[in-house]
Amino acid sequence: MNRYLSQYRENEEPILGWGFIVLFLLVWEFIPHVVTLPKGLALFFTTPYHIGAKLVEMSTSSEVAFHFYVSATEFVIGLGLSIAVALPVGLVMGRFNTLNAMFDPFVTAFNATPRLVFLPLVVLWFGFGIWSTVVIVFIGALFPLLINTYEGVKNIDRVLVNVVRSFGANEWQLMKIVVLPNSLPYIIAGLRLAIGRAILGVVVGEFFGSDQGIGYLMAAAAGNYIVDVVFAGLILFMAISLVMTMAVKKLEDRLSRWRPEQVKTF
Amino acid sequence: MEPYIRSTDITLTFTPKNRDAVTALKDFRIELNSGEFVSIVGPSGCGKSTFLNVLLGLLKPDKGEMEIGGKKITGPGVERAMVFQEFGLLPWRTVLANVELGPELKGESVASRRPRAQELINLVGLTGFEGHFPHELSGGMKQRVGLARALATDPEVLLMDEPFAALDAQTRDLMQAELLQIWDKHKKTVLFVTHSIEEAAYLSDRVIVMTKRPGRTKRIIKINLPRPRGYEMRLSPEFNDIKLDIWNNLKDELNARE
Ligand SMILES: Nc1ncnc2c1ncn2[C@@H]1O[C@H](COP(=O)(O)OP(=O)(O)O)[C@@H](O)[C@H]1O
Ligand SMILES: [Mg+2]
């Protein structure tokens with residue numbers, strides 16, 4: 001008995017977290033058995049079992065695999081591009097006031113605009129399909145990364161800069177040895193936001209600007225009242241978000257070994 | 001003998017954005033002989049750190065020049081290294097990597113810098129802590145790392161900006177004794193900024209008392225106490241006379257606000 005209790009104590013958080021999900025699914029599954037839903041609602045209602053069955057069915061379909069591949073490609077290219085642009089631009093903006101003065105109004109204006117308003121233009125320029133979505137993903141992920149990187153650079157410890165410069169470091173070495181490591185927590189936080197925005201970009205881009213991808217499948221299914229597929233797509237996106245967030249967390253843990261561990265208090 | 005380090009009258013004014021300009025140093029001049037241990041005491045805000053940063057090559061004075069070994073200072077150089085007040089350790093680097101910072105920036109290979117870094121870590125008594133991160137060390141240990149790091153490029157001149165101010169009294173006494181040993185053994189020229197009259201008197205060949213801001217030299221006091229100096233020396237009447245002399249010069253400069 002005591003052993004179970006102590007095991008529970010050790011894993012309290014995941015047990016509670018997963019337990020609640022299981023409970024939620026059970027309640028959902030049993031709703032149609034307990035109450036009679038009104039006709040209009042019943043038509044658009046489904047249960048976890050049906051969604052699960054749909055997911056299994058979809059996972060073996062080569063067509064779905066193709067759409068999944070499209071979505072993943074858009075996500076990876078869009079996010080990759082945004083990282084490749086945001087990091088250097090953010091670092092440089094943070095270090096050089098002139099460049100910051102030039103870019104800042106531009107960044108602020110762009111960032112304050114909802115990304116959806118770019119969609120018609122993007123579709124006109126890049127055509128209906130994968131590249132429009134890539135651009136939407138890129139625009140979405142770029143700004144949180146850029147702004148966070150900039151903030152991280154701005155929050156640099158003056159003393160550390162002096163230390164490294166006193167040993168004769170040039171600007172490039174300064175970046176590598178102080179500025180970048182110092183900004184990493186900010187960059188990681190930015191990355192987490194960027195992943196969310198990138199997934200949102202995939203969905204939005206495919207809903208409105210594409211005829212490929214899981215987002216398109218969902219939109220098409222919803223148009224035909226196939227609720228199982230909509231939910232299956234939703235769960236797929238949720239799962240991907242979760243996996244990506246966990247991957248970032250792992251990365252963060254790896255990169256922050258030097259930081260003090262959270263001290264346990266009463 | 002020509003002094004090893006000397007300056008013409010140094011003046012430096014900060015002009016921060018949206019604030020009044022502050023003249024930190026006005027016609028401050030200094031001469032240091034090679035191998036000498038000199039301390040600077042002065043009211044806080046009188047420009048001591050500013051001066052160290054000029055000497056380190058991080059700040060350019062508005063007026064005046066500094067020379068070291070006959071060469072004009074125009075930027076940082078390997079013959080100078082600083083031990084910083086708040087340690088200034090890179091938190092994401094281990095003790096070893098922190099100590100290796102200077103040689104690494106000089107482009108030295110791992111093979112040549114590692115044994116020396118290890119030697120210095122041993123010298124400052126941190127053997128076994130090479131893989132620790134700064135947050136895992138006590139204040140005294142952090143400053144030992146700071147000292148080892150400054151020594152790693154084998155500089156002629158050690159600049160120390162209130163290096164022991166953040167340490168408790170016992171650790172401080174210990175570090176002072178160790179610093180004197182290292183100084184004696186490695187024949188460095190040391191310029192040491194401190195708030196503590198006792199510390200200045202105990203360590204130095206000469207003590208420079210600065211005026212309040214804008215800082216200039218008020219008095220230079222020679223400390224003619226024999227070396228090596230033990231802890232008992234601090235209890236002698238001669239030592240107390242010297243402390244009193246420093247205090248008498250300093251007290252008029254201290255601002256009631258500080
Ligand atoms: N970067 C800076 N910008 C503006 N003012 C500064 C700067 N650094 C120092 N000062 C001012 O110059 C004066 C001297 O500072 P400092 O040399 O740090 O004094 P201390 O003798 O206490 O080390 C202080 O009034 C301080 O506020
Ligand atoms: Mg100071």
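Just the heavy atoms: all of them, side chains too, but no hydrogens, waters or symmetry mates, feed the values below. All of these numbers come straight from a predicted model, not from anything done at the bench. Each chain gets a letter, A, B and so on, in the order the sequences are listed, and its residues count up from 1.
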Taken to the nearest 0.5 Å, the spacing of B/Phe133 CZ from A/Arg259 CZ works out to 11.5 Å

Chain A shares the most heavy-atom pairs under 4.5 Å, among B/Leu90, B/Leu89, B/Thr153, with B/Leu90

A/Tyr186 meets the side-chain hydrogen bond (donor to acceptor under 3.5 Å, both in side chains) criterion, sequence neighbours left out, with A/Asn155

Against chain A, residues from residues 97-126 of chain B with at least one heavy atom under 4.5 Å, in numeric order, are B/Leu101, B/Gly102, B/Glu104, B/Leu105

The interface call for A/Asn170 against chain B, heavy-atom contacts under 4.5 Å, is neither

B/Pro91 and A/Leu160 have their tightest heavy-atom pair at CD-CD1, 3.9 Å

Minimal heavy-atom distance between B/His135 and A/Trp258, with the atoms involved, is CD2-O, 2.6 Å

Check: Counting only heavy atoms not in A/Tyr8, do more than 12 fall under 6.0 Å of its OH?
Finding: yes

Can you tell me if A/Asp253 has over 12 outside heavy atoms packed within less than 6.0 Å of its CG?
yes

Does atom NZ of A/Lys176 have more than 12 heavy-atom neighbours from other groups under 6.0 Å away?
no

- What do you reckon, is OH of B/Tyr4 surrounded by more than 12 foreign heavy atoms closer than 6.0 Å? yes

Whatever's closer than 4.5 Å to a heavy atom in chain B on A/Ile177 counts as both

Show which side-chain atoms of residues 191-206 of chain A pair as donor or acceptor with protein atoms under 3.5 Å away, not counting sequence neighbours.
residue  : atom : partner  : partner atom : Å
A/Arg192 : NH2  : A/Glu252 : OE1          : 2.8
A/Glu206 : OE1  : A/Ser71  : OG           : 3.2
A/Glu206 : OE1  : A/Ile214 : N            : 3.3
A/Glu206 : OE1  : A/Gly215 : N            : 2.5
A/Glu206 : OE2  : A/Ser71  : OG           : 2.8

Stepwise side-chain contact (heavy atoms from CB on, under 4.5 Å) check, B/Met82 with A/Val163 = CA-CA 8 Å; B/Met82 176 105 106; A/Val163 167; over 6 Å; no

Hey, does B/Phe84 have a side-chain heavy atom less than 4.5 Å from the side chain of A/Ser166? yes

In short, A/Gly168 meets B/Pro76 closest at the heavy-atom pair N-CB, 4.1 Å

Answer key: most heavy-atom pairs under 4.5 Å with chain B among A/Asn162, A/Val159, A/Asp157 is A/Asn162

Expected contact set for residues 51-71 of chain B against chain A at heavy-atom separation under 4.5 Å reads B/Leu56, B/Leu58

